[in-house]
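Before I ask anything, let me first share the structure, which is written out below as structure tokens.
Reminder, nothing fancy here: chain letters follow the sequence lines and each chain counts from 1.
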Amino acid sequence: MTTRIYDPERIEEKWQRRWEEQQAFRTPDDPETLRSRPKYYVLDMFPYPSGAGLHVGHPEGYTATDVMARMKRMKGFNVLHPMGWDAFGLPAERAAVREGKHPAEITARNINTFRGQIQRLGFSYDWEREINTSSVDYYRWTQWIFLKLYEKGLAYMADVPVNWCPKLGTVLANEEVKDGRYVETGDPVERRMMRQWMLKITAYAQRLLDDLEELDWPESVKEMQRNWIGRSRGAEVKFRVAGHDLDFTVFTTRPDTLFGATYCVLAPEHELVEKITTDEQRKKVEAYVREAVNKSDLDRTDLAKTKSGVFTGAEAINPVNGKAIPIWVADYVLASYGTGAIMAVPAHDERDHEFARLYELPIVEVVSGGDRPIEEEAYTDCAEGILINSRGLDGFSIEGLRVPEAIDTIIKWLEERKIGREKIQYRLRDWLFSRQRYWGEPFPIVHTEDGESIVLGEEMLPIELPEIDEYRPTEDGRPPLARAPGDWLKVELPDGRIGTRETNTMPQWAGSCWYYLRYLDPKNDQQAWSEEAENYWMPVDLYVGGVEHAVLHLLYARFWHKVLYDCGLVHTREPFRKLFNQGMILAYSYQDKAGKYYYPHEVEERDGKFFVRENGKEVTTQIEKMSKSKFNVVNPDEVIGQYGADAMRLYELFMGPLEVQKPWQMKDVEGVSRFLQRVWRLVVDEKSGKLNSRITDEPADSAEELNRVLHKTIRKVDEDTENIRMNTAIAQMMIFVNEATTAENLPREILGSFLRILAPYAPHLAEELWENLGQEGLISLAAWPEYDEKLCTDELIPIVIQVRGKKRDELMLPPDAGREDLEAAALASEKVRRFIGDSEIRRVIVVPGRLVNIVI
RNA sequence: GCCGGAGUGGCGGAAUGGUAGACGCCGAGGACUUAAAAUCCUCUGGAGGUAACUCCGUGCGGGUUCGAAUCCCGCCUCCGGCACCA
């Protein structure tokens with residue numbers, strides 16, 4: 001033993017090298033090992049390798065999964081714990097333009113940075129299984145899955161109104177746009193008609209909804225997906241247009257209010273608008289439609305607080321009572337939802353109410369029960385109301401019914417007369433699946449001159465990205481791939497025709513939709529994955545990542561997985577059995593009155609206030625999201641350089657519960673670093689560099705007190721780690737170390753057990769001390785210790801004695817003391833008797849092992 | 001507006017019907033040292049009291065219970081999601 005003090009840098013390098021030399025974390029793949037042990041697949045959401053490198057938020061989830069992977073390995077599981085790169089994407093393409101390099105080169109550089117940073121933390125990934133969604137070996141299979149989607153009729157081209165982002169020069173999916181802006185960058189998005197690839201995710205809406213039930217996911221994420229899918233039950237009702245041989249269908253969730261429909265509204269894009277508008281109204285209607293269609297989403301939603309619309313001059317016939325009601329055009333009705341047409345019931349719908357008041361349209365009450373007059377406020381409650389004014393031509397009536405019964409009754413009536421039917425409507429739209437970018441998967445599609453789209457066969461894969469000289473759209477607005485050389489763009493089809501390749505590419509989500517499957521068998525060049533590997537490893541047992549993917553990635557991946565399930569390519573309906581979202585790590589920032597930010601090292605604290613060192617100016621402090629512009633980003637390399645990877649890992653988990661947001665505090669890293677030094681000193685005498693002289697070869701029970709603390713600690717660390725409550729597991733290990741620091745004797749056996757539960761958390765330190773203790777083999781592969789339930793309780797435990805619910809005394813008694821003994825002991829207490837005084841004892845509540853409460 | 005989550009010392013947090021504040025940070029005192037750092041030990045929610053001890057205390061107001069941070073009702077604040085989806 002040469003080194004005396006704890007030197008993280010030295011031991012971390014040493015053990016990372018050993019692990020690599022011994023291939024300690026290779027995923028087992030020989031059939032015998034696989035068959036003989038249970039499996040555990042623990043997965044991180046793989047990162048997009050940005051140019052900025054890792055920040056301390058990334059390793060938070062990675063550390064948690066690594067602790068889990070290491071513990072499961074020690075418990076005898078075959079563990080699959082891989083890492084890879086979500087490597088296609090726009091930032092690399094933009095950097096390529098900026099630096100005049102190929103996106104692949106930028107991507108490779110960023111991946112090397114990320115990998116290096118991740119590896120310094122000593123994670124037990126199987127790097128033999130590293131994947132990269134932008135490598136041909138990978139994306140040929142993404143293209144292959146696209147063929148499966150196409151074969152099933154789930155991929156199609158359509159002229160659709162798209163979210164076009166001029167700044168990025170590409171279209172975006174609904175899921176990527178919020179309030180008329182791209183969620184990532186905030187760039188505004190416009191509405192445009194374009195011919196684009198779509199994936200029919202709506203065909204899976206009900207299954208995506210139903211199968212949420214079986215998942216061990218945070219309730220909030222399930223709820224967000226339910227909201228996004230947005231199932232609602234209602235009815236479609238057909239309305240005739242008066243004086244025309246035309247009709248249109250509306251969707252409503254409240255068919256019970258049909259008698260209260262006083263007008264109808266068509267979306268500006270509705271095909272009937274043109275046909276039914278009267279000459280008198282034509283000018284106004286055309287102007288309105290033109291303006292509405294060209295409005296950006298931002299104008300149509302967020303800013304449009306007051307409604308607008310124009311009367312078409314035409315009238316519809318309400319099928320239940322034969323009354324003619326006006327047909328309006330208004331952009332508060334969306335073309336993309338339902339049928340793009342509604343019946344308006346101002347008495348019982350807030351939006352219709354607002355519109356009716358604005359344009360002085362009639363309001364007819366058909367459900368009674370509102371608190372305020374119907375002219376003032378729409379009554380939308382479905383639980384209490386009773387139907388009124390709802391008697392039809394042929395004596396049909398739903399008057400007197402409650403809303404739910406009225407809905408069922410009228411749907412039946414509409415269906416009998418073939419003028420309507422029950423309808424389940426989803427908010428979910430089909431997934432816009434093409435992008436006008438270079439750095440993405442090319443589609444295995446060729447277009448012929450006569451407009452036919454031909455899908456290429458499996459044998460034609462991969463379709464490799466061609467080299468092009470500029471990564472920008474062409475002058476006439478076609479995607480960058482239109483710049484590709486002719487020998488790429490032009491393809492001779494098997495029948496001799498010449499076609500042109502599709503020049504759109506797939507969105508970044510494509511690669512991440514199935515990467516968890518490629519990890520199962522990443523080097524297979526015959527198949528995307530083998531059946532045996534899929535059967536063995538799937539589903540993912542634990543999936544950890546940020547909540548920002550609650551809808552996007554997680555919904556898309558579930559959709560693809562279900563398609564693969566229908567193709568017989570996977571055996572589970574769902575890919576991710578348990579999902580866990582880690583909370584964001586925030587940081588303190590410092591700002592002066594003018595709003596200028598300062599780095600933490602530029603600021604000092606005096607009496608609870610903060611001042612700039614240089615000029616004494618007072619600054620305020622706040623907790624914010626880490627950001628370069630706020631000067632509060634914490635770099636993991638610095639933390640590791642100063643305290644070591646083990647301290648970094650420990651602090652990431654000790655900060656608080658994994659799922660909550662919490663601020664990074666450097667002072668607290670020192671705390672866990674001190675803890676690791678204390679562990680070091682339990683084994684190593686820093687003065688001599690020899691083993692601590694208190695270490696003995698006596699059995700564990702020779703140090704009875706410490707042995708009890710050990711067993712309690714094993715139990716708590718085991719349970720808390722399984723339940724992803726690593727912060728309290730670490731607290732318990734601190735309790736053990738505090739106890740051991742003052743213990744007279746340290747049996748080798750006890751230290752060995754403790755080091756094994758510490759190993760998943762601080763693996764480098766644990767390996768080093770394990771070796772120092774003279775143990776054979778890697779601690780990372782040692783068996784997880786068992787705890788003895790009997791040793792988890794003390795011989796005497798504190799029993800609280802309350803009088804009228806207030807603690808008055810505390811007695812040390814055996815944990816298995818009976819009710820009578822506890823009561824007797826409590827009543828014998830001097831202090832307790834003082835509080836009872838002369839009062840009569842009315843009741844005594846005894847909770848064995850806990851407390852006695854005397855009620856007077 | 002609707003849906004979800006949270007509110008506990010100076011700070012991060014623990015306790016999910018049974019001792020409120022585990023563990024860590026900060027702070028105070030002591031030991032070691034020529035000294036400092038490091039380390040080790042003790043104290044550390046508030047108020048009162050020389051002390052034993054007492055009272056108060058988990059966003060606010062009520063309730064259930066022998067007993068509530070925890071369960072129920074009503075509010076306030078903050079965070080996240082959705083939002084003209086008929």
*Please measure how far the P atom in B:G59 lies from the corresponding atom in B:A69, and state the result in whole Å.*
10 Å
*Using whole Å, report how far NZ of A:K625 lies from C1' of B:C79.*
13 Å
_Any N/O donor-acceptor pair, A:D668 side-chain to B:C25 base, under 3.5 Å_ = no
*Quantified in whole Å, what is the P atom distance between nucleotide B:G57 and nucleotide B:G67?*
15 Å
*Atom CD1 of A:I801 to atom P of B:G67: distance rounded to whole Å?*
17 Å
*asked:* Please determine whether a side-chain nitrogen of the Lys or Arg among A:E60 and A:K662 lies less than 4.0 Å from a carboxylate oxygen of the Asp or Glu.
replied: yes
_Suppose you measure atom C1' in B:U33 against the same atom in B:U39; what distance do you get, rounded to whole Å?_
11 Å
*With rounding to whole Å, what would you report as the distance between B:A35 and B:A31 at their P atoms?*
11 Å
_Identified pairing partner of B:A22, criterion: Watson-Crick or G-U wobble below 3.5 Å_ = none
*Does A:P663 or A:R678 map to a spot on RNA chain B nearer the 5' end, using the closest nucleotide for each?*
A:P663
_Partner nucleotide, any strand, of B:U54 [Watson-Crick/G-U, under 3.5 Å]_ = B:A47
_Touch class at under 4.0 angstrom, heavy-atom based, for A:Q802 against every strand present_ = base
*Nearest whole angstrom, please: distance from the P of B:G12 to the CD1 of A:I730.*
18 Å
*Roughly how far, to the nearest 0.5 Å, is the CG atom of A:D352 from the CD1 atom of A:I342?*
4.5 Å
*Answer yes or no: does a side-chain N or O of A:R843 lie under 4.0 Å from OP1 or OP2 of B:C66?*
yes
*For A:Y761 and B:C23, give me the distance from atom OH to atom P, rounded to whole Å.*
18 Å
_Both A:N738 and A:M343 contact RNA chain B. Taking the nearest nucleotide for each, which residue is further toward the 5' end?_
A:N738
*Starting at OH of A:Y651 and ending at P of B:C23, how long is that distance when rounded to a whole Å?*
18 Å
*According to a strict under-4.0 Å criterion, is A:R226 in side-chain N/O contact with OP1 or OP2 of B:C82?*
no
*Tell me whether the OP1 or OP2 atom of B:C56 has a side-chain N or O from A:K806 closer than 4.0 Å.*
yes
*asked:* I'd like the C1' distance from B:C11 over to B:U44, given in whole Å.
replied: 14 Å
*Specify the separation, in whole Å, of atom CE of A:M726 and atom C1' of B:G24.*
18 Å
*With the side chain of A:F835 defined as its heavy atoms from C-beta on, choose the nearest nucleotide among B:U19, B:G81, B:U54.*
B:U54
*Would you say the ring centroid of A:Y359 lies under 6.0 angstrom from that of A:Y263?*
no
*Scan every strand shown for a Watson-Crick or G-U wobble partner of B:A37, both distances under 3.5 Å, and answer none if you come up empty.*
none
_Does A:S336 reach a base, just sugar-phosphate, or nothing at all? Heavy atoms under 4.0 Å._
nothing
_Suppose you measure atom C1' in B:G30 against the same atom in B:A22; what distance do you get, rounded to whole Å?_
25 Å
_Selection from B:G24, B:U19, B:C66 that lies nearest to any side-chain heavy atom of A:V855_ = B:C66
*For B:G7, which nucleotide in any strand shown is its Watson-Crick or wobble partner with both distances under 3.5 Å?*
B:C76
*With respect to the phosphate group of B:C25, does any side-chain polar atom (N or O) of A:R674 fall under 4.0 Å of OP1 or OP2?*
yes
*Pick base, sugar-phosphate or nothing for A:N227, based on heavy-atom distances below 4.0 Å to the nucleic acid.*
nothing
*Could you check whether A:R429 gets within reach of a base, just the sugar-phosphate, or nothing at all, counting any heavy atom under 4.0 Å?*
base
*asked:* I need the CD-P distance between A:E659 and B:G80, as an integer number of Å.
replied: 17 Å
*Side-chain donor-acceptor contact under 3.5 Å, A:E624 with A:S589*: yes
*Is the phosphate of B:C40, meaning OP1 or OP2, less than 4.0 Å from a side-chain N or O of A:R681?*
yes
_Please give the distance between the P atoms of B:G18 and B:C26 as a whole number of Å._
32 Å
_A:I845 side chain, from C-beta outward: closest of B:G18, B:U54, B:A86_ = B:G18
*Should the pair A:W431 and A:Y556 be assigned to parallel (<30°), tilted (30 to 60°) or perpendicular (>60°) ring geometry?*
parallel
*Quick one: is B:C82 close enough that its OP1 or OP2 comes under 4.0 Å of any side-chain N or O from A:R427?*
no
*Output yes when at least one side-chain N/O atom of A:Y332 is less than 4.0 Å from OP1 or OP2 of B:A86, else no.*
no
*Go through B:G18, B:A15, B:C41 for me and flag the one nearest to the A:T728 side chain.*
B:A15
*Which of the following nucleotides, B:C23, B:C53, B:C82, is nearest to the side chain of A:W228?*
B:C82
*Separation of the P atoms in B:C78 and B:C71, to the nearest angstrom*: 23 Å
*Considering only side-chain heavy atoms of A:A731, which listed nucleotide, B:C23, B:A86, B:C26, is closest?*
B:C23
*asked:* Any donor-acceptor pair under 3.5 Å linking the side-chain atoms of A:S673 with those of A:Y6?
replied: no
_Candidates B:A86, B:U19, B:C82 - which lies nearest the side chain of A:P798_ = B:U19
*Is any side-chain N or O of A:K667 under 3.5 Å from a base N or O of B:C26, one able to act as donor and the other as acceptor?*
no
_We want to know whether A:S232 and A:Q425 form a side-chain donor-acceptor pair, criterion being a heavy-atom distance below 3.5 angstrom._
no
_Is A:S220 close enough to B:C3 that one of its side-chain N or O atoms is under 4.0 Å from OP1 or OP2 there?_
no
*Determine, for A:D256 against A:R254, whether the closest basic-nitrogen to carboxylate-oxygen distance falls under 4.0 angstrom.*
yes
*Taking the side chain of A:I735 as heavy atoms from C-beta outward, which of B:G18, B:A22, B:C26 is closest to it?*
B:A22
_Contact under 4.0 Å: A:N727 side-chain N or O vs B:C23 OP1/OP2_ = no
*Please work out whether B:G57 sits syn or anti, treating a glycosidic angle within 90° of 0 as syn.*
anti
_Quick check for you: among B:A86, B:G24, B:U39, whose closest atom lies nearest to any side-chain atom of A:T252?_
B:A86
_Starting the side chain at C-beta, find the nucleotide from B:A86, B:U19, B:G4 nearest to A:E810._
B:U19
*Can A:R4 and A:E686 be counted as an ion pair, charged N to O under 4.0 angstrom?*
no
_How many whole angstroms separate atom CH2 of A:W328 from atom C1' of B:A86?_
18 Å
*From CZ (A:R819) to CG (A:L822), nearest 0.5 Å*: 8.5 Å
